[in-house]
2 protein chains.
Amino acid sequence: MTLTSSIFNVEAFREALRNSTTSGVSVVTINEVAREAGVSISTVSYALSGKRSVALETRQRIEAAVARLEYSPNASARMLAGRRTNIFAVTEPMRSDTHIPTHMAFVLATAVAARRHDYDILLLTEEQARLGMSRVASTGLADGILVLDVAPNDDRVALARSIKTPTVFIGVPDDHDGLLCVDLDFESAAREAVDRLADLGHTRIGLLGMTETAYETSNFAPRVRSAALARAAERGVQIEFRTTGHIQTDRTGTRAALVELQKAGVSALMFHCTQEAQSVVVGELLDQQVQVPYDISLISVAASFDIDELPLPIDVIPLVPAESCELAVELLLSSLSDEPPEPGLRLIPPRYAPRGTVGPRIA
Amino acid sequence: MTLTSSIFNVEAFREALRNSTTSGVSVVTINEVAREAGVSISTVSYALSGKRSVALETRQRIEAAVARLEYSPNASARMLAGRRTNIFAVTEPMRSDTHIPTHMAFVLATAVAARRHDYDILLLTEEQARLGMSRVASTGLADGILVLDVAPNDDRVALARSIKTPTVFIGVPDDHDGLLCVDLDFESAAREAVDRLADLGHTRIGLLGMTETAYETSNFAPRVRSAALARAAERGVQIEFRTTGHIQTDRTGTRAALVELQKAGVSALMFHCTQEAQSVVVGELLDQQVQVPYDISLISVAASFDIDELPLPIDVIPLVPAESCELAVELLLSSLSDEPPEPGLRLIPPRYAPRGTVGPRIA
DNA sequence: TTGAAAGCGCTACCAA
DNA sequence: TTGGTAGCGCTTTCAA
């Protein structure tokens with residue numbers, strides 16, 4: 001059961017000494033497991049990683065030893081020897097003018113997607129969104145980097161180009177040459193929404209968008225708006241665009257926008273705004289006894305929340321954080337492999353989920 | 001400038017070979033810096049860590065070499081040799097019935113506080129909040145653990161007791177024997193609010209609280225309510241308690257609660273609810289031309305947002321995430337030191353910030 | 001003030 | 001199918 005030979009074993013003695021003098025409970029290492037199982041440490045390593053076949057009986061002995069000693073391999077040692085930290089960094093500035101729940105949904109989705117592939121997420125926010133990015137790259141703390149809350153003109157684009165750590169953007173910056181970017185195809189989504197309404201005879205469509213500032217600081221708000229406007233022009237329909245108010249304290253902006261849109265005589269409403277705003281508008285319409293879709297058609301574009309939580313669930317082209325983040329993680333993983341992916345955009349095709357809130361325009 | 005001796009240097013040759021055959025740019029190690037500066041690696045290490053004095057001239061030579069080679073020490077190697085990962089794990093389940101912006105504020109605050117002490121944050125959410133906690137403990141991935149979104153009856157309490165990795169709770173679970181917990185002293189805060197109002201003659205106070213579920217799943221909502229009720233009873237004043245509605249879609253619950261409280265004839269309002277809810281109520285009062293504090297007094301208890309973003313800034317006892325998290329990080333650090341702190345509660349005394357919205361009751 | 005060298009606890013190559 | 005062992009790139013003791 002032990003490898004100790006009949007003569008005095010200096011190594012074993014030293015180790016015993018080390019473990020006994022350590023304060024408190026000594027941490028179990030692969031050496032102890034090997035001794036306990038009567039095999040070499042390499043066999044233990046292979047038995048646990050499965051990278052080499054190990055005789056059934058041997059493996060069982062090792063597993064028993066692992067269980068008995070409650071061994072778990074030391075993360076730092078694995079990182080150093082294995083040249084992988086199994087950590088991805090997520091850089092998310094969390095600018096104060098953003099809608100926190102939406103951004104949080106993406107951060108959480110990266111964590112879930114990463115764990116699926118045995119990776120953990122290191123969170124870089126505030127000023128560390130930029131500083132931390134080069135730091136984790138140069139120290140090798142992270143094997144890859146996920147970039148969230150991408151601005152049209154984002155510092156992190158230049159940073160990403162200057163480091164060798166694989167980096168994937170979730171969102172599309174204006175200048176994305178040579179970068180790997182994952183995102184919903186917002187333009188297609190916006191066009192599809194316009195088309196659906198135009199096909200049904202709507203000629204005057206309200207678009208309730210995000211806050212003013214979102215159209216300067218986010219990469220996707222302007223993409224939805226401009227694609228919608230362009231397609232509307234092609235289809236000969238008119239779009240009335242309105243923004244919603246301040247994120248946390250808006251109590252009038254959204255209602256005011258609805259009033260304006262109704263005055264403008266729109267027969268359909270496209271939403272590209274927060275759950276809160278959509279909840280207010282839909283609730284208001286219900287209060288007004290408006291018949292949906294008879295009096296007005298409703299579509300939500302790129303909603304990243306559960307549409308069925310609205311007072312009335314409406315047609316939606318969902319933005320699924322889990323989907324973007326899962327793809328981003330897979331790209332990062334394959335960037336670490338032998339055949340790294342080509343740089344470029346990976347736009348996820350929109351999927352339309354009907355709820356019966358879109359109908360023909362009633363003259 | 002080089003240590004290569006006149007005879008063939010096998011080691012140097014091997015290393016050159018390794019570096020040249022590596023795909024792409026080889027990563028600079030401490031060995032290269034040492035050679036470049038003409039010193040030993042231990043001197044480089046000490047020069048960079050400052051743990052041993054190094055002659056000025058030597059240090060400068062090393063710094064120059066570091067700059068020239070763009071060296072940064074490998075994180076994994078440091079972790080293994082230094083027996084510190086410089087990573088703290090944050091466990092935050094992010095239950096869907098919670099107010100995301102509030103919870104996010106705490107996560108961000110831990111990240112900022114940790115960086116101040118050269119630590120990074122590993123984010124454990126969803127099911128990893130529990131699984132990840134034991135994992136990072138047993139693998140030594142994190143040097144310490146911060147527990148967020150603490151439930152009154154939290155699984156992670158038992159977990160924390162079963163691991164040897166230092167753990168600090170931000171929030172107070174019902175059973176907190178032997179744990180290190182940091183939090184605002186919610187009870188004191190609630191009592192102080194009640195006292196201020198009672199002192200000014202108010203005998204009927206409205207308390208607008210969080211959602212129903214928060215009083216079962218959060219550790220602090222019930223603490224505020226029960227402390228307020230208890231003190232009110234002592235002072236002989238009456239508290240009308242109301243909850244607000246669903247977090248993301250509440251468009252009527254809050255208004256309804258306000259109407260009820262006004263009907264009940266309260267002369268003062270204590271808030272312990274979201275920024276959104278407080279924003280709605282304060283805005284509504286302004287619309288009603290209610291004079292504050294002449295007609296009604298307003299106090300916000302344990303608000304973790306910027307009170308000055310409300311339509312009318314009101315008296316507040318702020319809950320400052322940065323403060324709790326900074327203290328929690330410091331406790332974690334000292335848990336790693338030679339004199340670890342005593343377990344127990346660390347309740348932060350409330351501070352009252354007046355805005356002129358509390359006045360005497362007008363009969 | 002500095003250097004040599006023994007680890008840290010693994011992974012993975014090379015032999016057997 | 002298994003074992004021996006050379007690293008991985010640092011930190012830190014022990015000597016000089």
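In what follows, chains carry the letters A, B, and so on, assigned in the order in which the sequence lines appear, proteins first and then strands, with residues in each chain numbered from 1.
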Between the main-chain N or O of [Y] and the side-chain N or O of [X], is there a donor-acceptor pair closer than 3.5 Å?
X      : Y      : value
B:T167 : B:T165 : yes
B:S335 : B:L331 : yes
B:S337 : B:S334 : yes
B:T85  : B:L141 : yes
A:R84  : A:L336 : yes
B:R161 : B:D177 : yes
B:E92  : B:M94  : yes
B:R59  : B:A47  : no
A:N86  : A:D118 : yes

Would you say [X] reaches [N]'s phosphate, i.e. side-chain N/O to OP1/OP2 under 4.0 Å?
X     : N      : answer
A:T43 : D:dG3  : yes
A:S45 : C:dT11 : yes
A:S40 : D:dG3  : yes

Polar pair under 3.5 Å, donor/acceptor by atom type, side chain A:Y46, base C:dC10: no
Degree of bending in the helix from C:dT1-D:dA16 to C:dA16-D:dT1 once both end axes are built from five pairs, to 10°: 40°
Rounded distance (Å) that lies between atom [atom2] of [N] and atom [atom1] of [X]:
X     : N      : atom1 : atom2 : answer
B:R83 : C:dG7  : CZ    : C1'   : 8 Å
B:N31 : D:dC10 : CG    : P     : 8 Å
B:I30 : D:dT11 : CD1   : C1'   : 8 Å
A:E32 : C:dC8  : CD    : C1'   : 13 Å
B:I41 : C:dG7  : CD1   : C1'   : 12 Å
B:R78 : C:dG9  : CZ    : P     : 18 Å
A:M79 : C:dC8  : CE    : P     : 19 Å
A:R35 : C:dC10 : CZ    : P     : 13 Å

Neighbours of DNA chain C within residues 47-60 of chain B, by heavy-atom distance under 4.0 Å: B:R52, B:S53, B:V54, B:A55, B:T58
Those residues of residues 69-77 of chain A lying under 4.0 Å from DNA chain C by at least one heavy atom: A:Y71, A:P73, A:N74, A:A77
Shortest non-hydrogen contact from A:V107 toward A:T110: O-OG1, 2.5 Å
A:K164 atom NZ: more than 12 heavy-atom contacts under 6.0 Å: yes
Side-chain heavy-atom pair B:R156, B:I145 within 4.5 angstrom cut-off: no
